[in-house]
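Note sheet for the following structure.
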Amino acid sequence: MGDEDWEAEIIKPHMSSYVPVFEKDRYSSGAHGDTFNRTLASLSEMDDGYSRRDHFMRSRFASGRSLGNRDPGESNKRENTSTMGDFGVGRSFGNRGFSNNKFEEGDSCGFWRESSNDREDNQTRNRGFSKRDDSKYEQDEGTQRSGGIFGSRRSALSGVGKGDAYQSRSGSGSGRGGYKGLNEEVITASGKNSWKSEAERRESGDTQGPKVTYIPPPPPEDEDSIFAHYQTGINFDKYDTILVEVSGHDVPPAILTFEEANLCQTLNSNIAKAGYTKLTPVQKYSIPIVLGGRDLMACAQTGSGKTAAFLLPILAHMMRDGVTASRFKELQEPECIIVAPTRELISQIYLEARKFSFGTCVRAVVIYGGTQLGHSIRQIVQGCNILCATPGRLMDIIGKEKIGLRQVKYIVLDEADRMLDMGFGPEMKKLISCPGMPSKEQRQTLMFSATFPEEIQRLAGEFLKSNYLFVAVGQVGGACRDVQQTILQVGQYSKREKLVEILRNIGDERTMVFVETKKKADFIATFLCQEKISTTSIHGDREQREREQALGDFRCGKCPVLVATSVAARGLDIENVQHVINFDLPSTTDEYVHRIGRTGRCGNTGRAISFFDTESDNHLAQPLVKVLSDAQQDVPAWLEEIAFSMYVPGFSGSTRGNVFVSIDTRKGKSSLNAAGFSSSQAPNPVDDESWD
Ligand SMILES: Nc1ncnc2c1ncn2[C@@H]1O[C@H](COP(=O)(O)OP(=O)(O)OP(=O)(O)O)[C@@H](O)[C@H]1O
């Protein structure tokens, strides 16, 4: 049954029969508890600015092969789990024999790593400064909308009451332009080429949609929570054997120890409290480069410590320069702006910044969409040296002149290839040409990712000084070798059955299941709950509160299975994710590399299982063979056969042993990207109808 059929089913709540029971959500209100309130228009939105996927994955299910090597004794572990996931709040899936799923969210474990009850404290802290200003912000808030009539889930939630769910279906045709991709948190009604900042939308009168009122819970303030970390894995020391290439002129020598970085005492103490005793390769090379004032493009495998590689030297400079946050400034002027493509990732980066700046006068702030704008502003006015932001919220704040840019000395693009592709690239260009923004000669620009397609590298030149350095740790765009990759031939009609079989064998180990579309994420999560496998889901159609709760439930193990779209593919660093399952293969190698990189982090090992449907995935065989062989994984004979039969001229086959497959484009060599599984299918805003 195809996606279209699912859509049809969604509008038949009366035919449903299965009602999972969840704990009552402490936040849930009448609006949030609404059932069947999902607009089909929202289903056509893309996920959080993620790369456009081909629609080669459809939900047809055919027979597949058994995994075969599992311990049957483990198989029923999950049967005993009683906690059900919280996904699908206010949503339902239709008549697949288990529908009418009115879900209420379970208690949140919170987005943050530890639960926290200190909201009151936070409010107290804010008091005295912001009372007067609050009313002003609330006024601002009055014009803040979560998006246009087609793009917003909230428009369904609060614009209509219970049971009014399907009223927007008729809008889905025109609403296919409800395109959120250009801007992770702004949904516009106007469709093609539709990114507009909040300010722009107000100017154009495009302000329909309810007010966003969600205020994320503050993270815990106690030191133990701030420095909570997981252990490096058995392969951490193997990082030392990875080849590193630095290109560009006057490369500063790498450092081998944290001591060599000559950081101040507070930073060193924070590094120790974070459990870092040894540098990872990307840190060894990047830290001296950033300390030396150079621009940098760094590419290193997933989970290998890129975040600290930029945070530590920036903080060291700030400490050297005596940067101090002040809540008494007329206008906050951050010295550093860090952008990342998703809300969850930027929140995570913020937590890292907060950790490393602990005990200093440097204040990090995080702002992102899906939350109350007034809340973002209140965070900023308390003092802001490091502003961690998603692009849309950042541009809103700049548009509202809530920050000044004249002091910006560092711009960091995490997941830089994503930040520069056609989805976010225009916003990043706007950012660097904003009034007051120092020119690239006067600031340091740093870009980090595990993948860096050549065409994106070329675009990046516009942001970087011409003498920037390029650090390649291992193979650019290569999969982490600590992840054991398995490709299973599974037809789409057998995928669900196979998934359940695998999950039952896995037991309670944390597993991320990636699917291609948002509605499929809900559907599969619903299905797994029906199978009594504690599952939650995260995707771009979920309210921010729901997303954070889902992640919290997954992090704390309440729901050991997280069904996700690509919104969760990049950057998320979640302890103990032992398995990634690609229920649907992604359409790009880069996406595949990021997805499976949610496991096998920081020297730990992990497993990735991908379902390969010979009906629809054959064109992916060649690039998959390449990714597998580059990562020194076993390549199934059947996959090689398919790859061979799908021969594409120019594709060079296995590159095992070829360490630097893609390199600094200034060297003029071309990468060996395979056809089909193109490494950079940049989202095309003109063609947004094909997004999710
Ligand atoms: N030197 C170190 N010693 C111990 N742990 C470290 C070190 N550097 C980073 N880590 C930890 O490793 C984990 C992964 O780091 P990080 O999230 O920065 O990886 P990444 O390279 O940015 O991954 P991705 O490409 O998926 O975004 C984090 O939990 C981080 O705290």
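First listed ligand is number 1; within each ligand, the first listed atom is number 1. Throughout, numbering of the chain's residues begins at 1 and tracks the sequence.
Counting the atoms of ligand 1 from 1 in the order shown, those under 4.0 Å from a heavy atom of Y230 are 13 (C), 29 (O). Within ligand 1, the atoms closer than 4.0 Å to a non-hydrogen atom of R601 are 14 (C), 16 (P), 17 (O), 19 (O), 20 (P), 23 (O), 24 (P), 26 (O), numbered from 1 in the order shown. Of all the atoms in ligand 1, the ones that sit under 4.0 Å from a non-hydrogen atom of R598 are 26 (O). Near S304, meaning under 4.0 Å from one of its heavy atoms, ligand 1 places the atoms 19 (O), 20 (P), 21 (O). The atoms of ligand 1 that sit less than 4.0 Å from any heavy atom of E415 are 27 (O). Remark: ligand 1 atoms within the under-4.0 Å shell around heavy atoms of Q301 are 21 (O). The atoms of ligand 1 that sit less than 4.0 Å from any heavy atom of K278 are 1 (N), 2 (C), 3 (N).
Contact annotation: for F448 versus ligand 1, there are no heavy atoms closer than 4.0 Å. By the criterion of a heavy-atom distance under 4.0 Å, the side chain of Q283, and not its backbone, is placed next to ligand 1. Residue contacts with ligand 1, taken as heavy atom pairs separated by less than 4.0 Å, involve T307 via backbone and side-chain atoms alike. At a 4.0 Å heavy-atom cut-off, ligand 1 touches T232 through the side chain alone.
For the residue pair T536 / D553, no side-chain donor-acceptor distance below 3.5 Å is found, with atom types taken as modelled. In this structure, a donor-acceptor pair under 3.5 Å is absent between the side chains of Q348 and E352. Side-chain contact check for Y592 and Q485: at least one donor-acceptor pair (N or O, by modelled atom type) lies under 3.5 Å.
The existence of a salt bridge linking K238 and D482 is excluded, since no basic side-chain nitrogen approaches an acidic carboxylate oxygen closer than 4.0 Å. Between E516 and R595, at least one side-chain nitrogen of the basic residue sits less than 4.0 Å from a carboxylate oxygen of the acidic one, meeting the salt-bridge criterion. Looking at K284 and D240, a side-chain N of the basic residue comes within less than 4.0 Å of a carboxylate O on the acidic one, giving a salt bridge. A salt bridge links K278 to D237: at least one charged side-chain nitrogen sits closer than 4.0 Å to a carboxylate oxygen.
Ranked by closest heavy atom to atom 25 (O) of ligand 1, the top entry among K306, K284, Q231, H229 is K306.
Residues forming a side chain to side chain donor-acceptor pair (under 3.5 Å) with Q231 (at least two apart in sequence, or on another chain): none.
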Output a table of donor-acceptor pairs, distance under 3.5 Å, between side-chain atoms of residues 298-313 and any protein atom two or more places apart or on a different chain; print 'none' if there are none.
from : atom 1 : to   : atom 2 : distance (Å)
S304 : OG     : Q301 : O      : 2.7
K306 : NZ     : A300 : O      : 2.8
K306 : NZ     : Q301 : O      : 3.0

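Note: Y368 and Y350 fail the aromatic proximity criterion, with ring centroids not under 6.0 Å apart.
For a threshold of 3.5 Å applied to N or O pairs, the pair formed by G305 and ligand 1 contains at least one separation below that value. In terms of polar-atom proximity, A308 is not counted as a contact of ligand 1, lacking any N or O under 3.5 Å from an N or O of the ligand. By the 3.5 Å distance cut-off applied to N or O atoms, Y276 is counted among the residues near ligand 1.
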